Undergrad: 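Before I ask anything, here is the structure I am working with.
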Amino acid sequence: MDIKRSFVKQLLQSTEFNKPVNVKGWVRTKRDNKQIAFVAINDGSTINNIQVVIDMTSFDENKFKLITTGSSLSVTGTLVQSMGKGQTVEIQAKEVEIYGTADPETYPLQKKGHTLEFLREIAHLRFRTNTFGAIFRIRHAMAFAIHKYFNDHGFYYLHTPIVTGSDAEGAGEMFHVTTLDMHKLPKSEDGKIDFSQDFFGRETNLTVSGQLEAELGATALSNVYTFGPTFRAENSNTPRHLAEFWMIEPEMAFYDITDDMDLAEDFLKYLISYALENCKDDLEFLNNMYDKELIERLNFVVNNKFERIDYTDAINILTQSDQKFEYPVKWGSDLQSEHERYLVEKYYKKPVMVTNYPKEIKAFYMKQNEDGKTVRAMDVLFPRIGEIIGGSQREEVYDKLVTRIKEMGIPEKEMWWYLETRKFGTVPHSGFGLGFERLILFVTGMLNIRDVIPFPRTPKNAEF
RNA sequence: UCCUCAGUAGCUCAGUUGGUUAGAGCACCUGACUGUUAAUCAGGGGGUCCUAGGUUCAAGUCCUAGCUGGGGAGCCA
């Protein structure tokens with residue numbers, strides 16, 4: 001009997017009863033007595049399990065003992081309407097093949113709730129839980145939706161380098177990339193490490209952003225985006241930071257800051273809508289188990305316009321509020337977490353986009369305003385997670401950009417290729433960076449970023 | 001990196017003023033039960049009390065240092 005394997009998801013939706021079917025997957029739970037046994041199987045195609053019914057009067061008892069939580073099976077049988085409550089269809093088993101057993105004394109996942117902290121310590125097995133199945137199906141759906149959105153809007157997916165010779169972006173500490181013998185580093189006469197002997201003949205690092213390279217692509221392809229891994233060697237220990245994370249960075253020629261904000265808002269709303277439409281079962285599970293307001297909050301964000309305010313207005317709102325802040329509010333200082341939370345969660349009670357920040361607290365490449373004090377930066381602030389997007393219109397005027405580079409002490413020589421885009425056919429352009437894991441945090445309602453990436457890289461942690 | 005809380009059974013935790021043989025629930029194992037669904041009921045096994053020092057007649061409990069984890073902050077996406 002050779003029957004094509006079906007996914008659990010298909011079988012649960014099927015109405016073709018009394019036909020032979022085959023399902024392969026992992027046992028979640030088992031209940032039994034002398035006459036009959038029920039085995040719940042999951043294969044990752046959906047959060048729901050399919051119930052396999054075994055007639056114990058004719059089943060090998062020793063083999064049955066090996067069917068435990070975590071074991072992997074191939075079940076051939078008949079799809080029937082369920083006689084019991086709780087499910088509509090089930091499989092009457094005829095043949096059960098055991099691929100691999102899972103000793104219940106040592107298999108860490110048993111049929112009980114586990115804390116997310118414990119599951120983080122068994123990251124190789126946590127995929128097998130309802131929670132992480134849901135999270136990673138949603139993560140996939142979001143990655144797919146990102147490519148779909150950009151493809152549908154005339155953007156090109158640009159692969160920017162992971163190993164970079166540029167350290168000018170200034171977005172944090174970088175991981176060095178080298179093939180030099182760390183125990184015998186070649187030194188030049190002045191005692192410095194001689195990187196001319198290194199693999200690339202120069203000092204190289206893992207990228208902290210693909211933005212500068214994306215800008216190069218945008219000056220010919222018009223609309224491009226990157227979506228790849230990004231590395232920050234900061235010693236950050238928070239539920240919102242990773243040393244290795246994924247970032248989406250669209251860059252658009254002929255976009256000003258308003259176009260940039262319009263895109264950011266439309267993009268985020270599209271992605272959240274996509275999740276609501278395509279990840280219903282998983283979102284409902286997370287809503288029930290972790291965050292009773294999750295789906296309500298997602299709908300709210302999709303259906304309401306983001307508030308857009310000037311940095312200066314934000315400072316005024318904060319200054320005039322009765323709220324006591326640990327950090328003083330004053331024009332020229334960056335907004336602290338507590339300030340952002342007040343604006344988003346208390347004052348406006350919806351996503352907020354803040355623009356026109358003081359130039360001193362923002363990056364060198366941002367478009368300078370006529371007032372000489374501010375730049376066309378924009379941050380999108382979300383409830384719970386704070387800054388989800390950071391972007392800006394870019395300075396396209398060669399002289400202004402060079403002046404700023406000198407003021408901020410950035411090595412101008414290394415930036416020659418970036419500066420040439422302003423020398424030859426320069427155009428106004430804009431872009432932003434979206435932290436993929438922060439998006440997934442928001443969409444899943446999870447609270448720790450280590451739970452929305454399969455293998456989190458954080459200080460002192462690269463076990464899996 | 002700073003502040004703060006925690007680390008006791010596979011998991012989640014309790015453990016009194018420092019005192020004799022360290023407990024519970026769940027999980028697991030055995031048995032009972034004619035369709036269960038976080039099954040139920042009865043019984044059973046299971047401990048490097050994070051590590052290293054120290055105080056004390058006596059330390060899971062007090063002190064010091066370290067390690068690991070959570071929360072908050074900074075840096076940021």
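What you see is a predicted model; the values in this text were computed from it and never measured. Throughout, a chain's letter reflects where its sequence line sits, starting with A, and its residues are numbered from 1.
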Undergrad: Go through the N and O atoms of the side chain of Gln92(A) and the base of rG35(B), and report whether any donor-acceptor pair is under 3.5 Å.
TA: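 Flag set: donor-acceptor pair detected.
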Undergrad: Could you tell me whether the side chain of Glu234(A) has a donor or acceptor atom within less than 3.5 Å of a complementary atom in the base of rU1(B)?
TA: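 Result: no qualifying N/O pair found.
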Undergrad: Partner of rA58(B) by Watson-Crick or G-U wobble geometry, both contacts under 3.5 Å, or none?
TA: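 The base-pairing partner of rA58(B), which may sit in any strand shown, does not exist here.
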Undergrad: Under a 3.5 Å cut-off for both contacts, is rA6(B) paired Watson-Crick or G-U wobble with anything, and if yes, with which nucleotide?
TA: rU68(B)
Undergrad: My understanding is that a pair needs two contacts under 3.5 Å, Watson-Crick or G-U wobble. By that rule, which nucleotide pairs with rU12(B)?
TA: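 Partner of rU12(B): rA24(B).
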Undergrad: Which distance, rounded to the nearest 0.5 Å, do you find between the CH2 of Trp26(A) and the CZ of Arg128(A)?
TA: 7.0 Å
Undergrad: Within the 4.5 Å heavy-atom criterion, are Phe245(A) and Arg232(A) side-chain neighbours or not?
TA: yes
Undergrad: So Asn461(A) and Arg450(A), side chain to side chain contact (heavy atoms under 4.5 Å, CB included) or not? Walk me through it.
TA: CA-CA 11 Å; Asn461(A) 183 6; Arg450(A) 293 159 200 202; 5.7 Å; no
Undergrad: Strictly under 4.0 angstrom, non-hydrogen atoms only: write out the protein contact profile of nucleotides 26-31 of chain B, one letter per nucleotide from the 5' end, B, S or -.
TA: BSSS--
Undergrad: Does Met247(A) or Ser337(A) map to a spot on RNA chain B nearer the 5' end, using the closest nucleotide for each?
TA: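 It is Ser337(A), whose closest nucleotide lies nearer the 5' terminus.
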Undergrad: Taking only the side-chain heavy atoms of Phe118(A) (C-beta and beyond), determine which of rU34(B), rC11(B), rA73(B) contains the nearest atom.
TA: rC11(B)
Undergrad: If the condition is salt bridge (charged side-chain N to carboxylate O under 4.0 Å, His left out), which residues does Lys460(A) pass it with, not counting sequence neighbours?
TA: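 Checked Lys460(A) against salt bridge (charged side-chain N to carboxylate O under 4.0 Å, His left out); zero matches.
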Undergrad: Got a list of side-chain donor-acceptor pairs under 3.5 Å for residues 130-143 of chain A, not counting sequence neighbours?
TA:
residue	atom	partner	partner atom	Å
Asn130(A)	OD1	Arg28(A)	NH1	2.7
Thr131(A)	OG1	Tyr290(A)	OH	2.7
Arg137(A)	NE	Asp282(A)	OD1	3.4
Arg137(A)	NE	Asp282(A)	OD2	3.0
Arg137(A)	NH1	Gly44(A)	O	3.0
Arg137(A)	NH2	Asp282(A)	OD1	3.0
Arg139(A)	NH1	Glu437(A)	OE2	3.0
Arg139(A)	NH1	Val452(A)	O	2.9
Arg139(A)	NH2	Glu437(A)	OE2	3.0

Undergrad: Once hydrogens and angles are ignored, does a donor-acceptor distance under 3.5 Å link the base of rC75(B) to the side chain of Ser236(A)?
TA: yes
Undergrad: What are the two closest heavy atoms between Val8(A) and Asn49(A), and how far apart are they?
TA: CG1-C, 4.1 Å
Undergrad: Is Phe436(A) stacked against the base of rA77(B), taking the criterion as centroid distance under 5.5 angstrom and interplanar angle under 30°?
TA: no
Undergrad: Starting at atom CD of Glu387(A), determine the distance to atom C1' of rC75(B), rounded to an integer number of angstrom.
TA: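 Taking CD of Glu387(A) and C1' of rC75(B), I get 11 Å after rounding.
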Undergrad: Examine the base of rC33(B) for any acceptor or donor lying under 3.5 Å from a partner atom in the side chain of Arg31(A), and report the outcome as yes or no.
TA: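 For Arg31(A), whose side chain was compared with the base of rC33(B), there is no donor-acceptor pair (under 3.5 Å).
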Undergrad: Map Asp32(A) and Thr29(A) onto RNA chain B by nearest heavy atom, then report which one ends up closer to the 5' terminus.
TA: Asp32(A)
Undergrad: Roughly how many Å is it from CZ in Phe442(A) to C1' in rA77(B), rounded to a whole number?
TA: 16 Å
Undergrad: Of all the nucleotides listed (rA73(B), rA77(B), rG70(B)), which has the minimum atom distance to the side chain of His241(A)?
TA: rA77(B)
Undergrad: Between the base of rU12(B) and the side chain of Glu117(A), is there a donor and acceptor pair under 3.5 angstrom?
TA: no
